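Keep in mind that the numbers below use all heavy atoms, side chains included, and drop hydrogens, waters and symmetry copies. Owing to the predicted nature of the structure, the values given are computational and were not obtained by experimental measurement.
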2 protein chains.
Amino acid sequence: MRPKTEPLSWMRTPGTTADGPQYLALRDQMALNIEMGNLPPGAKLPSERQLQTGTGTARGTIREALFQLEAEGLIYRRDRSGWYVSPPAVTYDPTRWAGFMTYVTEQGRTPSTETLSKESAPAPSVVADIFRVAPGTPLHTIRRRRMIDGRPVLVERIIVDPALAPDLLSHSLDGSLTHILTTHYGITVARNRVDMRPCALVREAADALGAKSGTPGLLVVRTSFDTAGRVVEYDQEYWRHDAIRVHVDLNVR
Amino acid sequence: MRPKTEPLSWMRTPGTTADGPQYLALRDQMALNIEMGNLPPGAKLPSERQLQTGTGTARGTIREALFQLEAEGLIYRRDRSGWYVSPPAVTYDPTRWAGFMTYVTEQGRTPSTETLSKESAPAPSVVADIFRVAPGTPLHTIRRRRMIDGRPVLVERIIVDPALAPDLLSHSLDGSLTHILTTHYGITVARNRVDMRPCALVREAADALGAKSGTPGLLVVRTSFDTAGRVVEYDQEYWRHDAIRVHVDLNVR
DNA sequence: GAGTGGTCTAGACCACCTT
DNA sequence: AGGTGGTCTAGACCACTCA
């Protein structure tokens with residue numbers, strides 16, 4: 001219908017080179033709209049079928065452009081609700097000891113936490129190795145969802161050795177866990193190990209974040225140790241990829 | 001044609017719950033093949049049209065499953081060549097001072113570097129601010145592509161102040177840049193700032209990596225300072241997301 | 001030149017969110 | 001109940017890679 005080798009010039013954002021696929025041109029158009037501030041963070045985009053009207057473009061092509069913007073972190077979707085402009089990311093500094101509640105607040109945003117489940121479950125062998133206990137030993141397992149300005153940005157699974165914090169699960173866990181461990185159990189964290197890698201949000205994590213399975217994410221795994229070298233807390237956090245930045249500043253000593 | 005509410009049981013990987021879309025079942029099948037070692041790292045997958053044969057599945061659905069695996073970092077594609085199983089990622093530790101060549105070698109892999117361009121270019125105002133020079137001041141700009149075991153994993157743009165390293169561009173830049181700065185110019189790096197965020201590989205970066213625009217990536221920005229607090233080197237690295245892991249280990253002092 | 005992935009169309013029905 | 005995105009089909013042609 002439309003010649004592909006010579007896209008219509010009026011479809012293009014001014015300044016864009018005239019080559020490349022149509023969905024990238026659409027992407028440029030929408031990106032411009034967002035960056036110019038016509039669509040502020042949190043704003044809802046027109047529906048996919050509305051974006052089609054008049055353009056003669058197939059819905060699949062429109063979606064291709066939306067996926068591109070999603071991968072870039074400019075927009076996100078709420079399952080079966082619509083597409084929205086992403087709020088700015090927060091910065092996480094693994095060299096500081098501040099918890100989520102603290103650093104999100106410091107950046108002028110409003111954090112909140114929701115406990116999804118808490119139970120004492122037998123340790124699978126992988127986890128048992130980390131805690132240096134026998135496989136099957138019951139360990140506290142907590143699943144939480146954390147929000148920034150009401151938007152879910154991460155789900156986490158925290159594992160704590162009951163030997164160090166016996167009736168941890170009887171506390172309210174909707175605040176800072178570190179604070180509870182310090183105040184109620186006199187635990188001092190002396191070492192923190194952090195691993196990070198880009199990932200995809202699969203099923204469980206995606207569902208909990210109201211995202212689609214397969215949307216890009218960042219997996220942050222934190223292991224903290226006390227002064228005796230015992231593992232205090234093992235935490236896997238699945239972040240929406242557009243919600244986090246990592247910052248590390250190091251000086252030679 | 002096929003009832004969507006009750007997918008055919010023989011299409012499913014044993015052990016998978018019977019709900020969920022068809023492309024996730026396909027994903028499970030393929031993932032199993034990879035994890036069982038039937039397809040070793042680097043192996044080429046059958047073509048999309050081959051994967052269709054006999055299944056009555058549309059090509060789009062097959063691709064959906066492939067995209068999923070790509071997002072998870074299990075497979076990657078070489079543009080218009082095919083889909084391949086991803087090699088293991090390397091681990092990057094921003095708290096160490098080791099360069100790419102060093103830490104890749106340490107992990108039993110073979111690093112290589114290719115200089116794409118080197119020139120002295122006037123500083124855009126954003127970059128000028130970082131180096132605390134007037135906008136338009138000529139700065140060394142180097143673009144490189146780096147490979148692990150022959151596979152391109154990152155492209156970077158490095159900017160260096162010529163005041164600190166006058167005829168840097170006359171050197172061969174296919175090795176360790178840090179080494180050159182230290183040996184030939186007596187520069188000591190005293191501080192390192194690292195920023196990381198998930199991103200999408202857009203046009204330029206994607207092309208240089210032989211990837212498709214929009215594939216997920218990780219952007220690593222490093223700024224190094226000398227003992228006097230001057231910016232020595234400013235480096236933007238665009239990584240394939242399946243090629244890197246970040247590891248930080250911190251002790252209280 | 002054969003084969004690959006990349007792009008695009010034009011439909012359809014579904015599950016779920018929203019009101 | 002109506003609208004949204006999510007999934008799926010069945011084609012088509014293209015640009016490019018590879019042998």
Side-chain angles (χ1 to χ4, degrees), chain A residues 1-8 11 18-27 43-71 75-84 152 201 203 206-207 209-215, chain B residues 1-8 11 18-27 43-71 75-84 152 201 203 206-207 209-215:
Chain A
M1 181 146 295
R2 210 171 61 60
K4 270 113 191 197
T5 41
E6 196 184 315
L8 301 180
M11 300 253 355
D19 50 15
Q22 190 185 346
Y23 74 85
L24 285 183
L26 288 169
R27 183 223 84 97
K44 186 176 183 177
L45 271 63
S47 80
E48 297 173 0
R49 286 165 176 93
Q50 245 151 46
L51 289 167
Q52 281 185 268
T53 55
T55 65
T57 306
R59 192 170 144 228
T61 307
I62 302 281
R63 301 194 94 217
E64 202 66 39
L66 292 167
F67 295 158
Q68 183 83 23
L69 292 168
E70 182 190 41
I75 65 176
Y76 71 102
R77 41 185 154 172
R78 297 217 288 259
D79 197 70
R80 267 164 264 257
S81 157
W83 295 88
Y84 300 82
L201 302 177
R203 306 209 236 263
D207 288 347
L209 292 176
K212 216 208 60 163
S213 173
T215 52
Chain B
M1 179 146 295
R2 211 172 57 61
K4 271 111 189 200
T5 40
E6 196 185 315
L8 301 181
M11 300 250 2
D19 51 16
Q22 190 185 349
Y23 73 85
L24 285 183
L26 289 169
R27 183 223 85 96
K44 186 174 184 179
L45 270 62
S47 79
E48 296 174 1
R49 286 165 176 94
Q50 248 150 44
L51 290 168
Q52 281 186 269
T53 55
T55 66
T57 306
R59 193 171 145 225
T61 305
I62 302 281
R63 302 194 95 216
E64 203 65 38
L66 292 167
F67 295 159
Q68 183 82 23
L69 292 167
E70 181 190 43
I75 64 175
Y76 71 102
R77 40 184 154 173
R78 296 216 290 260
D79 198 72
R80 266 162 266 257
S81 156
W83 294 88
Y84 300 82
L201 301 177
R203 303 206 237 267
D207 289 348
L209 292 176
K212 215 208 62 163
S213 173
T215 52

Do any side-chain nitrogens or oxygens of [X] fall under 4.0 Å of OP1 or OP2 in [N]?
X: A/Thr61; N: C/dT9; answer: yes
X: B/Lys212; N: C/dT7; answer: yes
X: A/Ser81; N: C/dT18; answer: yes
X: A/Ser47; N: D/dG3; answer: no
X: A/Gln22; N: C/dC8; answer: yes

Atom [atom1] of [X] to atom [atom2] of [N]: distance rounded to whole Å?
X: A/Arg78; N: C/dA15; atom1: CZ; atom2: C1'; value: 18 Å
X: A/Glu64; N: D/dG6; atom1: CD; atom2: P; value: 13 Å
X: B/Leu45; N: C/dT4; atom1: CG; atom2: P; value: 13 Å
X: B/Tyr23; N: D/dG6; atom1: OH; atom2: C1'; value: 8 Å
X: A/Ile62; N: D/dT4; atom1: CD1; atom2: C1'; value: 15 Å
X: A/Leu51; N: C/dC8; atom1: CG; atom2: C1'; value: 17 Å
X: A/Tyr76; N: D/dG6; atom1: OH; atom2: P; value: 14 Å
X: A/Arg49; N: D/dG2; atom1: CZ; atom2: P; value: 15 Å

Would you kindly compare B/Gln50 and A/Arg59 by the position of their nearest DNA chain C nucleotide and give the one closer to the 5′ end?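 Its nucleotide being nearer the 5' end, the pick is B/Gln50.
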Ignoring hydrogens and angles, answer whether the base of [N] and the side-chain atoms of [X] contain a donor-acceptor pair closer than 3.5 Å.
X: B/Arg80; N: C/dG3; value: no
X: A/Arg77; N: D/dG6; value: no
X: A/Arg63; N: D/dG5; value: no

Can a donor-acceptor pair be found, under 3.5 Å and without considering hydrogens, that links the side chain of A/Glu70 to the backbone of A/Ile75? no
With distance as the sole test, does A/Lys212 use its side chain to make a donor-acceptor pair with the main-chain N or O of A/Arg77 at under 3.5 Å? no
Do A/Leu209 and A/Thr215 touch side chain to side chain, with heavy atoms closer than 4.5 Å? no
Before giving the answer on side chain to side chain contact (heavy atoms under 4.5 Å, CB included), spell out for B/Leu26 and B/Thr55 the whole-Å C-alpha distance, their side-chain angles and the decisive distance to 0.1 Å. CA-CA 11 Å; B/Leu26 289 169; B/Thr55 66; 5.9 Å; no
For B/Ser81 versus B/Tyr84, what's the shortest heavy-atom pair and its separation?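 That closest heavy-atom pairing would be OG-OH, 2.7 Å.
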